[in-house]
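The structure appears right after this line, and notes come after that.
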Amino acid sequence: MPRLTCPMQRQPLEPLLERLERADLRRRRRTIERLAAPGSRAELIVAGRRLVDFSSNDYLGLAAHPEPAAAMAECAARCGAGTGASHLISGHGAEHAALEEELAAYTGRERALLFSTGYMANLSVLGALADRGETVLLDRLSHASLIDGALLSGARLRRFAHADVAAAEHCLGVGPEPVTVLATDGVFSMDGDVAPLTALARLAQARNVWFVVDDAHGLGVVGPTGRGAVEMHGLSADAVPVLVGTLGKAFGSFGAFVAGSAALIELLVQKARPYVYTTALPQPIAAATRAALRVAQREPWRRERALALTARFRAAAASAGVPLAESSTPIQPIRCGGARAALEAQRALVEAGFWVVAIRAPTVPAGQERLRVTLSAAHHENQVDALVEALARIWAQVRPEACA
Ligand SMILES: *Cc1c(COP(=O)(O)O)cnc(C)c1O
């Protein structure tokens, strides 16, 4: 009988966890009760406390909206909860097909392909477009799923300094293995700033490499009609041939998509392992997303409100002396001088009635720990003002030297 485990090679796990704890890097899940009742405004119950949520990506206030929830329930009664198989076997249904057409129309692309998660969408795109012997070039602050997609593709991964077009251009010209894909977040998930898409698109076109924009946090929110960072820069489908979007953020539902040419989408259907070898997303989720997309388009006041509350937050924070980063999107990071200071600020905010989460390494580089405040159309002006008051108090009293 072969030995199943070799005791010499097994490491005890507890010391690893203890090391995380000592470094203030241990993460904790909280069981959260989200209040969806009419009249509740971005409120949660955490460990029996009612808190205002300034941590979610529900920028348009659609996660608890009754229309997507009703569409989900109706579809579940009609189609069932599960799909039973992958898309290429028997899991692909009418709700998926309709949502894909609506997403293609929404983004102005030939076709769109639905994925269960944005994480899988990015693994798929980079796996399909990059290969061994090639290089994938990413902004240093790109989302983990782009990094993992590049690693899984077998290509070499290079990262350029954040939002630095000259650095990207330099990387395109060096190295033994040619760059075939240049990818970036549209709106950076932990910083809230918008990538220099016009210059990067020009660079990608000039060097004939695929340009991939993951606009998980821009779609639905920024741009003249909410079509995201690509629309904000006035870029065509030619300039950005591969657009990744997620549906669990501004659209308040779950899932993700890739939009692009018919050939790109067909290649993904054929080749993308995270698409081919996984069970199709439940149809009720696609139905909920379709409803959310309708609400988002019918009610542009939602993104206008999210952006207006963002401006209100920034103005109040600036006059209260709370340090802000350069971000005009609803993602408003407040840098803290280390993991412990960030956790202390988070605890103090809970005491004041707010749920804001300390973001630590490896989600952000060590030394750049922060509170990530996000604003939503669901917030009330008074809640934003009260958050700024609490932040100002915490900054003045708790750790004046820790956060800069
Ligand atoms: C959230 C996020 C993803 C992952 O999307 P999920 O649908 O949550 O898996 C991908 N890219 C970026 C930039 C994100 O912020």
Side-chain angles (χ1 to χ4, degrees), residues 29 55-60 62-63 68 96 99-100 103 107 112-127 129 136 138-153 157 159 162-163 181-197 200 211-222 228-230 232 240 242-259 268 272-275 278-282 285-286 288-289 292-293 306 327 329-333 357 359 362-364 370 372-376:
R29 297 183 307 169
S55 73
S56 86
N57 304 310
D58 182 25
Y59 307 119
L60 303 181
L62 294 176
H96 301 128
L99 176 56
E100 286 180 346
L103 289 169
T107 56
L113 186 67
L114 189 59
F115 285 85
S116 290
T117 69
Y119 194 98
M120 293 161 81
N122 281 333
L123 295 189
S124 297
V125 162
L126 294 177
L129 296 180
V136 172
L138 300 182
D139 185 288
R140 182 160 289 285
L141 297 188
S142 295
H143 192 262
S145 55
L146 285 172
I147 296 170
D148 293 356
L151 294 174
L152 197 62
S153 75
L157 166 62
R159 297 195 286 168
H162 176 53
V181 181
L182 168 61
T184 180
D185 290 21
V187 170
F188 286 89
S189 55
M190 296 299 135
D191 292 76
D193 57 332
V194 183
L197 293 183
L200 290 176
F211 187 38
V212 178
V213 175
D214 172 358
D215 205 17
H217 296 274
L219 273 171
V221 181
V222 302
V230 172
M232 190 177 181
V240 182
V242 189
L243 175 64
V244 179
T246 61
L247 303 168
K249 289 166 182 165
F251 299 111
S253 172
F254 184 82
F257 68 94
V258 178
L268 291 175
R273 295 168 67 89
Y275 183 76
T278 198
T279 301
L281 184 80
I285 295 176
T289 307
L293 206 53
S327 162
T329 68
I331 300 169
Q332 294 290 323
V357 174
I359 307 289
T363 306
V364 295
R370 66 200 65 183
R372 178 177 181 267
V373 170
T374 52
L375 294 123
S376 164

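This one's a predicted model, so the numbers in the text were calculated from it and none came from an experiment. Read the numbers this way: they start at 1 and go in the same order the structure lists the ligands and their atoms.
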Report summary line: Asp139 meets the salt bridge (Lys or Arg N to Asp or Glu O under 4.0 Å) criterion, sequence neighbours left out, with none
Query - Contact residues of ligand 1, where a non-hydrogen atom lies under 4.0 Å away - result: Thr117, Gly118, Tyr119, Asn122, His143, Ser145, Asp185, Ser189, Asp214, Ala216, His217, Thr246, Lys249, Gly255
Show the atom names and distances, to 0.1 Å, of all donor-acceptor pairs under 3.5 Å that link a side chain in residues 183-193 to residues at least two apart or in another chain.
from, atom 1, to, atom 2, distance (Å)
Asp185, OD1, His143, N, 3.0
Asp191, OD1, Arg370, NH1, 3.2
Asp191, OD2, Arg370, NH1, 3.0
Asp193, OD2, His162, NE2, 2.6

Requested in this report: Taking the side chain as every heavy atom from C-beta outward, state whether Arg372 and Ile331 have any pair of such atoms under 4.5 Å apart.
Outcome: yes
Report task. Take Leu281 and Leu114 through the side-chain contact (heavy atoms from CB on, under 4.5 Å) test and state the conclusion after the steps. Result -> CA-CA 8 Å; Leu281 184 80; Leu114 189 59; 3.9 Å; yes
**Report entry** Flag side-chain contact, heavy atom, 4.5 Å: Phe257 against Thr107
**Finding:** yes
For residues 116-127, please give each side-chain donor-acceptor pair under 3.5 Å, one per line with the distance, not counting sequence neighbours.
from, atom 1, to, atom 2, distance (Å)
Thr117, OG1, Tyr119, N, 3.4
Thr117, OG1, Met120, N, 3.0
Tyr119, OH, Asp148, OD2, 2.4
Asn122, ND2, Ser145, OG, 2.9
Asn122, ND2, Asp214, OD2, 2.9
Ser124, OG, Met120, O, 2.7

